[in-house]
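Working notes for the structure below.
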Amino acid sequence: MSWEENVRKTVPYVPGEQPKIENIIKLNTNENPYPPAPGVQKALEELKEGYDILRKYPAPACDILEEVLSDYYGLPREQLFVGVGSDDVLSMAFLAFFHGEKPVLFPDITYSFYDVWAEVYGIPYKTVPLTGEFEINADDYDIPNGGIVIANPNAPTGIAKPGEWMDEFISRHRDVVVIVDEAYVDFGGETCIPLIEKYDNLLVTQTFSKSRSLAGLRIGMAFGSRKLIGYLKDVKFSVNSYTMNTPSLVLGRESVLDEAYFREKVDAVIKTREWTKKELKELGFTMTESSTNFLFVSHPQKNAEEIMKRLRDEGIIVRHFKKPRIDNYLRISIGTDEEMKKLVSVLKNIL
Ligand SMILES: *Cc1c(COP(=O)(O)O)cnc(C)c1O
């Protein structure tokens, strides 16, 4: 017998590339083009002086960050959870909440980490096809299931469902945990956080990676009923008590404290998105209605993969998914005005 027989074999998630080439325009991983809040930079400098904090373990309950989040969202800490990016939060949630025999449901086109977690934890799952317009059809989820995961707005389609729709949808699924992944909600979606009071089986996750320009810090969070968050924390403390490092807690806190800066930069991204949308439509692109910091576009005359390669030659990186139904689409993150102007002019040449 070989030792390899006992190895857990998994097919990992493939994140967007982080190229080492200089001077590229990077529009492939939905990072925010603006720097994090000035307070974050200041706290970073102070950390250099007070580096003794690194000697000690962080507070495992993540007090520094949870306290400001509790004020910001007006929720007790018992209804909050923080983790190492929402990937960590979602992975823990899969482990905690999907322990049954019936399949967990999520759309066929959505964040491509969901099936990876289901596979690695041995969770049965079933994908539910989006409609031809990439919309979720609520009735399709009225089948026996052990849980539901919805990204709202969805990725990579960018389409958001209104709060009222989500309310009605969750009301139909009171017997399983429903996870709503709101990674992009700040760019135009409607949050389901208020619904956690109504539905004790609802878990809402968000992240600092996109709207707060802190993808490198790795901070994600979840909101839910006391019971739900209690179960999630039990799993976390059974896997790793110290997921969050002290610098992340300290710097993340500063981001939350600067609401004006946060709004200003989110608005700037939305404004640039609307401008880019108009320009790309003029070039003949079709696209979904984006409530996010990216556009999901297709060109009726030109192959998406080909456009992606040509853009790359010109130093612009966008995301192409070699997957059924969406292989003629590109997902283009919203950069600065300047970056998007360059993108439009290069696309003009390519077409
Ligand atoms: C980016 C993203 C995440 C993960 O973000 P983190 O950086 O791990 O917080 C989760 N879900 C969706 C849909 C995303 O696009």
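Source: prediction; values computed, not measured. All residue numbers refer to positions in the sequence shown, counting from 1. Each ligand, and each atom within it, is numbered from 1 in the order the structure gives.
Under a cutoff of 6.0 Å and an axis angle of 45°, Arg331 and Tyr184 do not form a cation-pi pair. Remark: Arg174 is not positioned above the aromatic ring of Tyr199, lacking an NZ or CZ atom under 6.0 angstrom from the ring centre and at most 45 degrees off the axis.
Side-chain atoms of Ser91 and Tyr121 form a donor-acceptor pair, as typed in the model, at a separation below 3.5 Å. Judged by distance alone, the side chains of Lys26 and Thr29 do bring a donor and an acceptor atom under 3.5 Å apart.
Less than 4.0 angstrom separates some heavy atom of Gly85 from each of these atoms of ligand 1: 8 (O), 9 (O). Short contacts between ligand 1 and Ser209, defined as distances under 4.0 Å to a heavy atom of the residue, involve ligand atoms 6 (P), 7 (O), 9 (O). Atom numbering of ligand 1 starts at 1 in the shown order; those under 4.0 Å from a heavy atom of Arg218 are 6 (P), 7 (O), 8 (O).
Of all protein heavy atoms, the one closest to atom 5 (O) of ligand 1 is Ser86 OG, 3.2 Å. From the protein, the heavy atom lying nearest to atom 1 (C) of ligand 1 is Lys210 NZ, 1.2 Å.
The two residues Pro15 and Tyr13 come nearest to each other via the heavy atoms CD-O, 3.4 Å.
Taking a 4.0 Å cut-off on heavy atoms, Phe208 fails to register as neighbouring ligand 1.
Salt bridge absent: Glu4 and Lys9 never bring a charged side-chain N and a carboxylate O closer than 4.0 Å.
Side chain of Asn145 to main chain of Lys102: no donor-acceptor pair is present (N/O by atom type, distance under 3.5 Å, no hydrogens or angles).
Which of Tyr184, Tyr111, Tyr114 comes nearest to atom 15 (O) of ligand 1 through a heavy atom is settled by distance: it is Tyr184. Counting only non-hydrogen atoms, the option in Thr110, Asn152, Asp181, Ile219 that gets closest to atom 11 (N) of ligand 1 is Asp181.
By the criterion of a heavy-atom distance under 4.0 Å, neither the backbone nor the side chain of Phe113 is placed next to ligand 1.
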